[in-house]
Amino acid sequence: MINSLLVAATAEAFDRLLKDRGIPYSFRDDEEYRHFQKVWDEADDKARDLAFRQANPAVRRLASKEPYIFETDGEPLCVRFNYLTRTLEQDSFGEIMLERPDKKWRFSISIKNSARVITALPVADRKSVDHDDKVVSSFNEIDDFGFRIFGVPCSNEYFNDINEILLTFEPYDTETWLSKLQDDSFLYGKLITPMLRAVMAEIPRICRYHPEAPKKLFDYFYGPIDYYFFNPIDELHITRIGAVNAHGDLGRIPGTDNYYTPRVNFPTELLDVRLATGKYGELSKDTIQLTFDGGWALCLMMRIDKEALEKRHFNMTVYLPVTPFGSYRDQVDWDPE
């Protein structure tokens, strides 16, 4: 979940830092910018002070790793947001982006309370039929995620598995369908968990015959922009900072091939696919975890969005649950009260 006030506080911390250092910069004035201005202006003093205490030391630590922030030659530094319209969704899943277009330099900052959500992955979608309120035929809109992500079509086994799941409970009129969605034994036992198991079987099939598949998977979900992330820990009064520098855009030292921030390579091998486990070892009903070499992992979670399910749209949310081995990790104490 995005912490909107912390996003606004991070922007405020950058604003003050850049002014203090006399760096030419601008915030892109758009709906996103005005949204976070409003969040900041409407927060009470206590909440705003806490968010700034969490964000400011993290911003200054991050800036110490990014000398391009303080360049004064060329175009001014541009700061922009990515939240409301998700216009940058294909480029970045961070909420704030800093860039210098003339230097081909940019990075994003992900500011969330939990794992970094990357994108949604469609599974199946039933087109509405104007003259009939019943689902009476196959779900022909099953997503071929293999072709879209890997350039390799999903197998017949996958399509057969998904179709078999979807066809076991049709036709239902809308009223019956909505009542069934209230029954967890149906929602998970007949629908969500079986569909996830079909995905669990298909991804190893693709990776088995196409060695480049793990890298293509991360190329697709990760996108071309490297990112930092902030995560305040309330009980410790610290903000954890991390980074994933897969493309080598973070921590570049101008005029050299050196980095302040270590690089990590995308994975080359799928090691394990399983249903995720909860705090006490219980198997998840709605999430699978893919583990790769190099400490990479992805989680795919079937969205429990009743409104979407009412319309018979099935999507999975993809997120990074961990930071790969060798990535930058740090923490800073909050500013004092």
Side-chain angles (χ1 to χ4, degrees), residues 1-63 66 69-70 75-101 106-120 223 225-234 237-243 303 305-308 315 317 319-320 332 334-337:
M1 180 181 294
I2 293 172
N3 185 333
S4 294
L5 185 56
L6 189 62
V7 174
T10 300
E12 179 70 15
F14 270 115
D15 188 45
R16 297 187 193 184
L17 174 64
L18 295 169
K19 282 178 179 174
D20 290 345
R21 297 288 292 269
I23 305 300
Y25 73 98
S26 65
F27 282 86
R28 189 173 66 177
D29 189 1
D30 56 13
E31 183 185 8
E32 313 255 16
Y33 173 70
R34 291 186 288 275
H35 167 78
F36 285 107
Q37 269 196 321
K38 184 177 180 182
V39 168
W40 184 251
D41 291 341
E42 293 184 352
D44 64 65
D45 291 342
K46 184 177 180 181
R48 192 161 50 195
D49 178 65
L50 174 60
F52 188 79
R53 288 172 50 224
Q54 294 171 335
N56 186 53
V59 164
R60 292 181 179 270
R61 180 65 59 84
L62 181 157
E66 291 293 340
I69 289 176
F70 302 111
E75 297 179 13
L77 177 70
C78 178
V79 185
R80 55 181 174 150
F81 295 95
N82 177 33
Y83 174 63
L84 295 176
T85 62
R86 307 305 292 183
T87 53
L88 304 178
E89 195 167 82
Q90 296 304 312
D91 294 328
S92 166
F93 54 93
E95 286 69 57
I96 296 178
M97 182 182 293
L98 280 71
E99 63 178 342
R100 292 187 180 277
R106 60 182 177 173
F107 69 88
S108 67
I109 306 172
S110 176
I111 305 167
K112 299 183 178 73
N113 293 328
S114 56
R116 276 79 62 204
V117 175
I118 303 177
T119 187
I225 299 178
D226 290 320
Y227 70 96
Y228 290 93
F229 61 89
F230 294 166
N231 183 17
I233 308 298
D234 292 346
H237 283 206
I238 62 172
T239 297
R240 287 185 177 148
I241 310 167
R303 294 175 56 196
D305 182 340
K306 292 296 178 68
E307 183 177 345
N315 295 297
T317 296
Y319 62 91
L320 287 170
V332 288
W334 293 354
D335 281 347
E337 294 187 57

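Just so you know, residue 1 is the first one in the sequence shown, and it goes up from there. Not measured: the values here are computed from a predicted model.
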Q.
Test side chain to side chain contact (heavy atoms under 4.5 Å, CB included) on Asp15 and Tyr25; report intermediate values, then the result.
A. CA-CA 9 Å; Asp15 188 45; Tyr25 73 98; 2.3 Å; yes
Gap between atom [atom2] of [Y] and atom [atom1] of [X] - 0.5 Å precision:
{"X": "Ile96", "Y": "Glu32", "atom1": "CD1", "atom2": "CD", "result": "11.0 Å"}
{"X": "Ile69", "Y": "Ile23", "atom1": "CD1", "atom2": "CD1", "result": "9.5 Å"}
{"X": "Ile241", "Y": "Asn231", "atom1": "CD1", "atom2": "CG", "result": "11.0 Å"}
{"X": "Phe52", "Y": "Asp335", "atom1": "CZ", "atom2": "CG", "result": "6.5 Å"}
{"X": "Arg61", "Y": "Asn56", "atom1": "CZ", "atom2": "CG", "result": "12.0 Å"}
{"X": "Leu98", "Y": "Leu62", "atom1": "CG", "atom2": "CG", "result": "8.0 Å"}

Where [X] and [Y] come nearest, the two heavy atoms and their spacing:
{"X": "Arg53", "Y": "His237", "result": "NH2-ND1, 4.3 Å"}
{"X": "Ala55", "Y": "Leu6", "result": "CB-CD1, 3.9 Å"}
{"X": "Ser4", "Y": "His35", "result": "OG-NE2, 4.5 Å"}
{"X": "Tyr228", "Y": "Ala243", "result": "CD2-CB, 3.5 Å"}

Q: Answer yes or no: does atom CZ of Arg21 have more than 12 heavy-atom neighbours from other residues, nucleotides or ligands under 6.0 Å?
A: no
Q: Check whether more than 12 heavy atoms from other residues, nucleotides or ligands sit under 6.0 Å from atom CZ of Arg240, and answer yes or no.
A: no
(Q) As a test of understanding, state which of Glu31, Glu99, Glu95 forms a salt bridge (charged side-chain N to carboxylate O under 4.0 Å, His left out) with Arg80. (A) Glu99
Q.
Between Arg28 and Tyr33, is the side chain to side chain contact (heavy atoms under 4.5 Å, CB included) condition met? List the steps.
A. CA-CA 7 Å; Arg28 189 173 66 177; Tyr33 173 70; over 6 Å; no
Q) How are the rings of Phe81 and Phe27 set to each other: parallel, tilted or perpendicular (split at 30° and 60°)? A) parallel
Q.
Run Leu50 and Leu5 through side chain to side chain contact (heavy atoms under 4.5 Å, CB included) and show every step you take.
A. CA-CA 10 Å; Leu50 174 60; Leu5 185 56; over 6 Å; no
Q) Between the main-chain N or O of Gln54 and the side-chain N or O of Thr239, is there a donor-acceptor pair closer than 3.5 Å? A) yes
Q: Give a yes or no answer on whether the side chain of Arg106 reaches the backbone of Pro101 with a donor-acceptor pair at less than 3.5 Å.
A: no
Q) Between Lys38 and Asp41, is the closest basic N to carboxylate O distance under 4.0 Å? A) no
Q: State whether Asp44 and Lys46 are salt-bridged, where the test is any N-O pair (Lys NZ or Arg NE/NH1/NH2 against Asp/Glu carboxylate O) under 4.0 Å.
A: no
Q | Contacts of Arg16 that satisfy side-chain hydrogen bond (donor to acceptor under 3.5 Å, both in side chains) - sequence neighbours left out | A | Glu12
